[in-house]
A.B. asks: 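Quick one: the structure is below, questions incoming.
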Amino acid sequence: MSIDGYLDSATDERLLLSNDADLDRVDAVRATCDAILVGAATVRNDNPRLLVRSQARRDERVARGLAPSPIKVTLTCGAKLDARANFFVTGDTDKLVYCASATVAEARDRLGSVATVVDGGQPVSMRRISEDLYARGVRRLMVEGGGMVLTQLLTDDLADELHLVIAPFFVGDSQARRFVGDGRFPWNQDRRAALAEARAIDDVVLLRYALSTRFRMD
Ligand SMILES: NC(=O)c1ccc[n+]([C@@H]2O[C@H](COP(=O)([O-])OP(=O)(O)OC[C@H]3O[C@@H](n4cnc5c(N)ncnc54)[C@H](OP(=O)(O)O)[C@@H]3O)[C@@H](O)[C@H]2O)c1
């Protein structure tokens, strides 16, 4: 996020917050995960591939009997996703779409050939997603945003660890998407999160918070 807590600008153009060294760190974290989740708005706005970029890391995963990149996961109410998006067409890995019950049929029509559409309930709950992913063998899930998804994950107290990276500039536009929206977060002045690490990575800063007893320092 920016110094003033934004994940993006309010314009259509994608805002680059990370630097190369941090993107490489994120790639290393991705390679250790079983699945990566982003919200449908991020799939639409950013058109991310969500793959492990480094060939060495992909090879290392394959040598461990895994797919080159983690399973890709998204969630949607409206099911307005394009089957030609990079999320669906890139990477030799499973793609899961958790969809609100009311639009499952529409989602299967549109995306059934490129992804597995799962009825996520009405509304879709992050807890239900995490339990379903667990049943599918996912033990380590990386949630890369955006703000709406992060807000639910954190307010539902489902995250074990938070990696907060601060880029050295301001966005200064309240129309832009913040890191999180309003909500009742489990961490407040009476229950402070544990800071596990603070590290400068070139011109950005990584703050790692331990949010549950499952957190392990690596
Ligand atoms: N800086 C970063 O690290 C970073 C990372 C990721 C994203 N971003 C930015 O964040 C922005 C998007 O963030 P955002 O907060 O607007 O959106 P988001 O969290 O990416 O996605 C929100 C969408 O996800 C679906 N969704 C969320 N919760 C749901 C639920 N409980 N049940 C069913 N569907 C649910 C809905 O999709 P439908 O509308 O399809 O129903 C909703 O509109 C983008 O501009 C992107 O650039 C930044």
Side-chain angles (χ1 to χ4, degrees), residues 1-8 15-39 42 48 50 52 54 57 60-61 66 70-75 98 124-171 176-218:
M1 66 179 201
S2 62
I3 291 175
D4 50 349
Y6 290 101
L7 286 183
D8 198 4
L15 184 71
L16 188 64
L17 288 146
S18 284
N19 57 35
D20 288 347
D22 188 52
L23 289 172
D24 188 58
R25 179 195 66 82
V26 170
D27 196 58
V29 179
R30 273 187 186 171
T32 67
C33 291
D34 302 310
I36 303 177
L37 182 149
V38 295
T42 297
L50 300 178
V52 174
S54 144
R57 290 180 187 128
E60 196 269 332
R61 283 180 58 94
L66 303 172
I71 298 169
K72 298 191 220 181
V73 184
T74 190
L75 70 164
Y98 287 89
V124 179
S125 88
M126 290 296 298
R127 180 170 294 279
R128 184 161 165 171
I129 292 179
S130 61
E131 287 171 358
D132 188 78
L133 287 173
Y134 188 86
R136 292 171 192 271
V138 172
R139 297 293 176 271
R140 189 163 154 86
L141 171 67
M142 181 174 186
V143 180
E144 292 204 24
M148 195 172 166
V149 163
L150 294 172
T151 303
Q152 293 171 77
L153 184 86
L154 291 165
T155 54
D156 286 354
D157 204 357
L158 292 170
D160 300 321
E161 172 168 1
L162 171 64
H163 292 196
L164 186 67
V165 174
I166 301 174
F169 59 86
F170 294 80
V171 169
R177 177 59 81 186
R178 277 192 186 278
F179 157 50
V180 286
D182 296 347
R184 268 169 94 77
F185 293 86
W187 305 276
N188 51 48
Q189 64 175 357
D190 299 321
R191 185 186 171 209
R192 294 159 76 98
L195 179 65
E197 184 186 2
R199 190 195 328 161
I201 304 173
D202 293 344
D203 67 347
V204 303
V205 179
L206 165 69
L207 301 173
R208 254 177 104 187
Y209 293 94
L211 300 183
S212 88
T213 53
R214 290 182 297 269
F215 171 83
R216 294 281 173 277
M217 194 73 188
D218 46 47

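Note that the numbering runs from 1 along the sequence shown for the chain.
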A.B. asks: Mind checking what makes salt bridge (charged side-chain N to carboxylate O under 4.0 Å, His left out) contact with Arg30, not counting sequence neighbours?
C.D. replies: Glu144
A.B. asks: Can you give me the closest heavy-atom contact between Asp22 and Ile201, atom names plus distance?
C.D. replies: OD1-CD1, 3.6 Å
A.B. asks: Give a yes/no verdict on a cation-pi contact between Arg139 and Tyr134, requiring under 6.0 Å between NZ or CZ and the six-membered ring centre and an angle within 45° of the axis.
C.D. replies: yes
A.B. asks: Verify side-chain contact (heavy atoms from CB on, under 4.5 Å) between Phe179 and Leu154, making sure each step is shown before the conclusion.
C.D. replies: CA-CA 11 Å; Phe179 157 50; Leu154 291 165; 4.2 Å; yes
A.B. asks: For Ser54, which residues count as a side chain to side chain donor-acceptor pair (under 3.5 Å) partner, sequence neighbours excluded?
C.D. replies: none
A.B. asks: Donor-acceptor check, side chain of Thr74 to backbone of Val38, threshold 3.5 angstrom: yes or no?
C.D. replies: yes
A.B. asks: Within the structure provided, determine whether Ile71 and Val138 are in side-chain contact (heavy-atom separation under 4.5 Å).
C.D. replies: yes
A.B. asks: Could you pull out the closest heavy-atom pair between Phe185 and Asp182, with the gap in Å?
C.D. replies: CE1-C, 4.4 Å
A.B. asks: Roughly how far, to the nearest 0.5 Å, is the CG atom of Leu50 from the SG atom of Cys33?
C.D. replies: 11.5 Å
A.B. asks: With rounding to the nearest 0.5 Å, note down the distance linking CG in Leu207 to CG in Leu162.
C.D. replies: 8.5 Å
A.B. asks: State, with a plain yes or no, whether a side-chain heavy atom of Met142 is found less than 4.5 Å away from one of Leu37.
C.D. replies: no
A.B. asks: What distance do Ile36 atom CD1 and Leu141 atom CG have between them, rounded to the nearest 0.5 Å?
C.D. replies: 9.0 Å
A.B. asks: Which heavy-atom pair separates Thr42 from Gly146 by the least distance, and what is that distance?
C.D. replies: OG1-N, 3.2 Å
A.B. asks: Check this for me: does any side-chain nitrogen of one of Arg61 and Asp34 sit under 4.0 Å from a carboxylate oxygen of the other?
C.D. replies: no
A.B. asks: So do Glu161 and Arg216 actually touch side chain to side chain, heavy atoms under 4.5 Å?
C.D. replies: no
A.B. asks: With side-chain contact (heavy atoms from CB on, under 4.5 Å) as the test, would you mind laying out the steps for Phe169 and Leu17 before giving the verdict?
C.D. replies: CA-CA 9 Å; Phe169 59 86; Leu17 288 146; 3.6 Å; yes
A.B. asks: Search all heavy atoms of Val52 against all heavy atoms of Pro70 and return the closest pair with its distance.
C.D. replies: CG2-CD, 3.7 Å
A.B. asks: How close do Gly39 and Leu75 get, counting heavy atoms only, and between which atoms?
C.D. replies: CA-CD2, 4.2 Å
A.B. asks: Taking Thr151 for the side chain and Gly181 for the main chain, is one N or O donor matched with an acceptor at less than 3.5 Å?
C.D. replies: yes
A.B. asks: Could you note down all residue pairs passing salt bridge (Lys or Arg N to Asp or Glu O under 4.0 Å) where residues 184-198 supplies at least one of them, sequence neighbours left out?
C.D. replies: Asp157-Arg191, Glu197-Arg199, Glu197-Arg208
A.B. asks: Rounded to the nearest 0.5 Å, how far apart are CG of Leu150 and CE of Met1?
C.D. replies: 11.5 Å
A.B. asks: Could you tell me whether Asp20 atom CG has more than 12 heavy atoms of other residues or ligands within 6.0 Å of it?
C.D. replies: no
A.B. asks: For Asp202, which residues count as a salt bridge (charged side-chain N to carboxylate O under 4.0 Å, His left out) partner, sequence neighbours excluded?
C.D. replies: none
A.B. asks: Taking only residues two or more places apart in sequence, or in another chain, which ones meet Thr32 in a side chain to side chain donor-acceptor pair (under 3.5 Å)?
C.D. replies: Arg140
A.B. asks: For Tyr98 and Leu133: C-alpha separation, side-chain torsions, deciding distance, then whether side-chain contact (heavy atoms from CB on, under 4.5 Å) applies.
C.D. replies: CA-CA 10 Å; Tyr98 287 89; Leu133 287 173; 3.4 Å; yes
A.B. asks: Taking salt bridge (charged side-chain N to carboxylate O under 4.0 Å, His left out) as the test, write out the residues that go with Asp4, two or more places apart.
C.D. replies: none
A.B. asks: How close do Asp132 and Arg136 get, counting heavy atoms only, and between which atoms?
C.D. replies: OD2-NE, 2.6 Å
A.B. asks: When you measure from the side chain of Arg214 to the backbone of Leu211, do you find a donor-acceptor pair of N or O atoms at a distance under 3.5 Å?
C.D. replies: no
A.B. asks: Report yes or no: does Asn19 contribute a side-chain atom to a donor-acceptor pair with the main-chain N or O of Ala21 at less than 3.5 Å?
C.D. replies: yes
A.B. asks: Flag the pair Val149 / Val143 as yes when at least one side-chain heavy-atom distance between them is below 4.5 Å, and no otherwise.
C.D. replies: yes
A.B. asks: How long is the span from the CD1 atom in Ile166 to the OG atom in Ser18, to the nearest 0.5 Å?
C.D. replies: 12.0 Å
A.B. asks: Counting C-beta onward and ignoring hydrogens, is there a side-chain heavy-atom pair between Leu7 and Arg178 closer than 4.5 Å?
C.D. replies: no
A.B. asks: Using 0.5 Å steps for rounding, measure from the CG atom of Leu153 to the OG atom of Ser130.
C.D. replies: 8.0 Å
